[in-house]
Each structure stands twice: as structure tokens, then as C-alpha cells.
Amino acid sequence: MTEIPTETLVTVFGGSGFLGRHVVRALAREGYRIRPAVRRPDLAFHLQPMGRVGQIHPVQANLRYPASVEAAVHGADVVINLVGILFERGKQRFEAVQAEGAACVARAAAAAGARMIHVSALGADPDSPALYARTKAAGEQAVLAAAPDATIFRPSIVFGPEDDFFNRFAAMARMSPVLPLVGGGETKFQPVFVGDVAQAIAKAVGGAAKGGTVYELGGPEVRSFKELMVYVLSVTERRRLLVPLPFGLAKLQAFFLQFMPTPLLTPDQVELLRADNVVSGAAIDEGRTLAGLGIEPAAMEAIVPSYLWRFRKTGQFRAQGA
Ligand SMILES: NC(=O)c1ccc[n+]([C@@H]2O[C@H](COP(=O)([O-])OP(=O)(O)OC[C@H]3O[C@@H](n4cnc5c(N)ncnc54)[C@H](OP(=O)(O)O)[C@@H]3O)[C@@H](O)[C@H]2O)c1
């Protein structure tokens with residue numbers, strides 16, 4: 001029988017987010033004590049029923065405030081950083097959150113003698129034209145500088161019931177007669193199931209992943225953006241026009257869209273779409289993948305229809321009980 005490591009305390013920054021909820025659930029199953037460190041603990045009460053009474057205890061922390069980060073890692077054995085943003089708003093700048101914020105967590109983890117697990121993203125690159133990718137790369141470098149034994153995970157697009165990608169485009173297909181294919185829709189992705197990423201992180205907490213190593217996490221299939229849009233339309237039973245949009249034109253459109261409360265597209269995201277988002281050959285050769293951790297990744301076909309059905313015409317019909 002596996003020994004339940006009840007005394008191990010794991011601080012999870014970003015524990016209330018999409019991936020965070022799955023990580024907290026996976027860690028709770030393993031019996032760890034979990035401290036989700038979130039900006040609004042009052043909005044994190046939904047995490048507590050995932051564990052036993054007293055097993056999950058949210059605390060307040062903001063990566064832009066080092067004192068709150070230090071308090072959140074106090075006494076922790078393992079620290080996980082899942083914090084990332086897709087667009088900038090107010091003081092939430094890429095540099096402050098994804099580069100300096102990651103550095104702040106790693107320094108605090110090292111000072112507390114805790115092991116560090118950091119989630120970055122495929123495409124992290126100091127030379128990328130996208131600030132998102134440059135700050136993800138800067139975050140990785142800062143984490144390894146402060147905590148050389150840290151394990152870093154770079155997922156491709158993550159899918160699952162509350163994901164931002166498939167839900168967003170299914171919603172767009174419901175409203176709009178056309179779906180844009182930025183740069184012709186040729187950018188390649190390797191969508192990975194949120195449960196598999198959470199399991200990889202839980203394995204790393206258990207000591208199964210190498211320290212000082214960057215793992216690249218992708219699902220079993222590589223698909224172009226256009227293929228993914230065709231897939232969304234087939235699952236949601238919609239017929240929509242797929243319109244190729246050259247990068248320059250997409251950037252112009254994104255300039256205006258970026259001012260929406262939750263932007264559909266930003267100029268930085270257009271830049272991000274210039275590079276493929278797939279697991280590298282080097283990572284596969286060196287076992288720095290889900291397979292290397294003994295995880296067989298789930299196919300999107302097995303999971304995505306279970307939550308995109310509500311965007312179907314027939315799904316709406318059923319939901320209205322008509
Ligand atoms: N989802 C994907 O497809 C994908 C792909 C590749 C990499 N990733 C990476 O995976 C990680 C998790 O992504 P996700 O999809 O779960 O994102 P998410 O749902 O947006 O979660 C991000 C979390 O970060 C928190 N956060 C934001 N700014 C913060 C700050 N200044 N201080 C403390 N917490 C802050 C958010 O809390 P609030 O509620 O307070 O804002 C939220 O809990 C991110 O690093 C992301 O870049 C995700």
C-alpha cells in the first residue's frame with residue numbers, strides 16, 4: 001500500500017485557476033496537505049470539498065507582493081507556481097507576473113528550503129516576437145537561477161471542461177458566421193488534457209520527475225489551428241466560413257480587439273501564433289515528456305465532445321428542455 005504523505009505541505013500559487021483546480025484535486029487524492037495561494041481566498045472555497053476536512057487551506061498571495069509570497073511558502077515542503085496571464089491589464093503586466101513573479105516564488109521557495117515546480121508554456125523563447133513567450137522564458141531562467149533543482153513543465157494548449165481554447169472558439173462559432181484563421185491557420189499545436197498535466201505535476205511532487213529539467217507536455221496528436229477549427233465545427237455541428245487572415249491584418253484587428261474586457265485576440269497573441277506549439281524532438285529523445293513520466297496522454301476526441309456538446313444546436317435544444 002502507498003504511504004499517504006499527510007505531513008507534506010504543498011503551496012500552490014494559481015491554485016484557483018483552470019489547471020490549478022485539477023492540480024489541487026490530484027494532490028488531494030495523494031493525501032498531501034495543500035495551501036492554494038490565491039489573490040482572492042474568498043473565491044477559492046470551491047477547492048476545499050476536493051479534500052478531507054482541514055486538508056486544503058487557501059491563503060492570500062499576489063506574486064507582485066514578495067511579502068505575501070514569502071508568507072505563503074512558509075513551512076512548505078514543495079512550492080508549485082501555476083500563475084500566468086494571457087493579456088495585460090493594469091498592474092498585471094507580463095514582466096511583473098510571468099518573469100519577476102516567477103523569480104519571486106523561486107527565491108522564496110529556495111529560502112524556505114522547499115522544492116520548486118514551475119509551469120511555463122511551450123514556445124517560451126527569449127527571442128520570440130511575443131512578450132508572453134519572452135517573459136515565460138525569463139521566468140524559467142529566473143526559477144532555475146534561484147532554485148537549480150526546480151522542475152519546469154511547458155504544456156501546449158491545455159484542454160478540459162473549463163478550458164479557454166475550445167470553449168472560446170465554440171462560443172465564437174455560435175455567434176459568428178466566420179472563424180478567422182490567423183496566418184492561414186497553419187500553426188501547429190499538440191493539445192494536452194488538463195488531467196494529464198495535473199497528474200504530471202502530482203508525480204513531480206512525489207519525486208518522480210527530474211530536478212533542473214524542462215518537461216514538454218503535449219497530447220497524442222499534432223494538429224494545425226485550421227484542423228482544430230474544423231474539429232470544433234464538427235463537434236458543435238456548425239457550418240461556418242473559415243477565413244484566412246494574414247498576420248499583418250490579424251494584428252490590425254487584434255489592436256482593436258485587445259481593448260475588450262476579455263480580449264478575443266491581442267497583437268501579442270498574433271505574434272505567438274507565428275511559431276508552432278509542439279513537443280520538441282530533443283524532449284522526446286530525452287524522455288522529458290508525459291511518456292517519460294509514465295503517463296499515456298488522453299486524446300482530445302475522447303474528452304472534448306463531453307463539454308462542447310452544449311454549443312451544438314441540438315445541445316441547446318435539449319438544455320432548454322423544449
Ligand atoms: N491553459 C492553457 O492552455 C495553458 C497552456 C500553456 C501554459 N499554461 C500555463 O499554465 C498555467 C496555468 O494556466 P491556467 O490555464 O490554469 O490559467 P488561469 O486559469 O488563468 O489561472 C491562472 C492563475 O493565476 C492567478 N494569478 C494571476 N495573476 C496573479 C498574481 N499577480 N498573483 C497571484 N496569482 C495570480 C489567477 O488567479 P486570479 O483568479 O486571482 O486571477 C489564476 O488562479 C499558467 O502559467 C499558464 O501560462 C496554460
Side-chain angles (χ1 to χ4, degrees), residues 11-26 35-47 58-69 71-73 79-105 108 117-125 130-140 143 152-169 189-198 200-201 214-219 228 262 268-269 272 275 277-279 300 304:
T11 294
V12 187
F13 290 95
S16 59
F18 164 53
L19 175 56
R21 288 190 290 273
H22 289 265
V23 168
V24 168
R25 190 177 295 123
R35 184 187 285 161
V38 295
R39 287 193 293 174
R40 296 276 311 269
D42 53 315
L43 300 181
F45 287 133
H46 62 282
L47 297 173
V59 298
Q60 201 282 332
N62 185 330
L63 262 53
R64 293 185 279 107
Y65 295 92
S68 72
V69 172
V73 306
V79 171
I80 302 174
N81 180 27
L82 304 173
V83 173
I85 53 174
L86 281 172
F87 54 87
E88 299 187 312
R89 275 292 176 277
K91 291 181 183 163
Q92 287 281 94
R93 316 309 293 178
F94 283 126
E95 189 67 39
V97 176
Q98 301 195 151
E100 287 162 23
C104 175
V105 173
I117 296 167
H118 176 70
V119 174
S120 178
L122 276 185
D125 176 0
L131 186 57
Y132 172 89
R134 290 201 301 278
T135 53
K136 278 293 193 189
E140 290 183 1
V143 165
I152 294 178
F153 289 107
R154 290 181 176 178
S156 184
I157 289 176
V158 183
F159 67 85
E162 316 89 12
D163 70 37
D164 191 51
F165 186 85
F166 287 108
N167 281 299
R168 176 196 298 226
F169 287 105
F189 293 93
Q190 201 168 342
V192 59
F193 177 46
V194 65
D196 292 334
V197 179
I201 293 170
V214 179
Y215 284 80
E216 300 186 5
L217 307 183
L228 291 174
T262 304
D268 201 60
Q269 288 165 359
L272 208 52
N277 200 264
V278 297
V279 173
M300 57 183 195
V304 172

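All ligand and atom numbering here is 1-based and tracks the order in the structure.
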#### Entry: From CA spacing to verdict: side chain to side chain contact (heavy atoms under 4.5 Å, CB included), F87, D268
CA-CA 8 Å; F87 54 87; D268 201 60; over 6 Å; no

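Side-chain atoms of Q190 and S156 form no donor-acceptor pair, as typed in the model, at a separation below 3.5 Å.
A donor-acceptor distance shorter than 3.5 angstrom exists from the side chain of R21 to the backbone of S16, with no hydrogens or angles considered.
Remark: E95 pairs with no residue by the salt bridge (Lys or Arg N to Asp or Glu O under 4.0 Å) rule, at least two apart or across chains. Evaluation of the side-chain hydrogen bond (donor to acceptor under 3.5 Å, both in side chains) rule for H118 yields N81 as partners, not counting sequence neighbours. Every residue two or more places apart in sequence or in another chain that forms a side-chain contact (heavy atoms from CB on, under 4.5 Å) with R39 is listed here: N62, R64, Q92.
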Any protein N/O atoms within less than 3.5 Å of an N/O atom in ligand 1? List the atom names and distances, or say none.
residue  : atom   : partner : partner atom : Å
ligand 1 : 3 (O)  : V158    : N            : 2.9
ligand 1 : 16 (O) : F18     : N            : 3.3
ligand 1 : 16 (O) : L19     : N            : 2.8
ligand 1 : 19 (O) : F18     : N            : 2.8
ligand 1 : 28 (N) : Q92     : NE2          : 2.8
ligand 1 : 31 (N) : N62     : OD1          : 2.9
ligand 1 : 31 (N) : Q92     : OE1          : 3.0
ligand 1 : 32 (N) : N62     : OD1          : 3.4
ligand 1 : 32 (N) : L63     : N            : 2.9
ligand 1 : 40 (O) : R39     : NE           : 2.8
ligand 1 : 40 (O) : R39     : NH2          : 3.4
ligand 1 : 41 (O) : R39     : NH2          : 2.7
ligand 1 : 43 (O) : S16     : OG           : 3.2
ligand 1 : 43 (O) : G17     : N            : 3.2
ligand 1 : 45 (O) : L82     : O            : 3.2
ligand 1 : 45 (O) : V83     : O            : 3.3
ligand 1 : 45 (O) : K136    : NZ           : 2.8
ligand 1 : 47 (O) : Y132    : OH           : 3.2
ligand 1 : 47 (O) : K136    : NZ           : 2.9

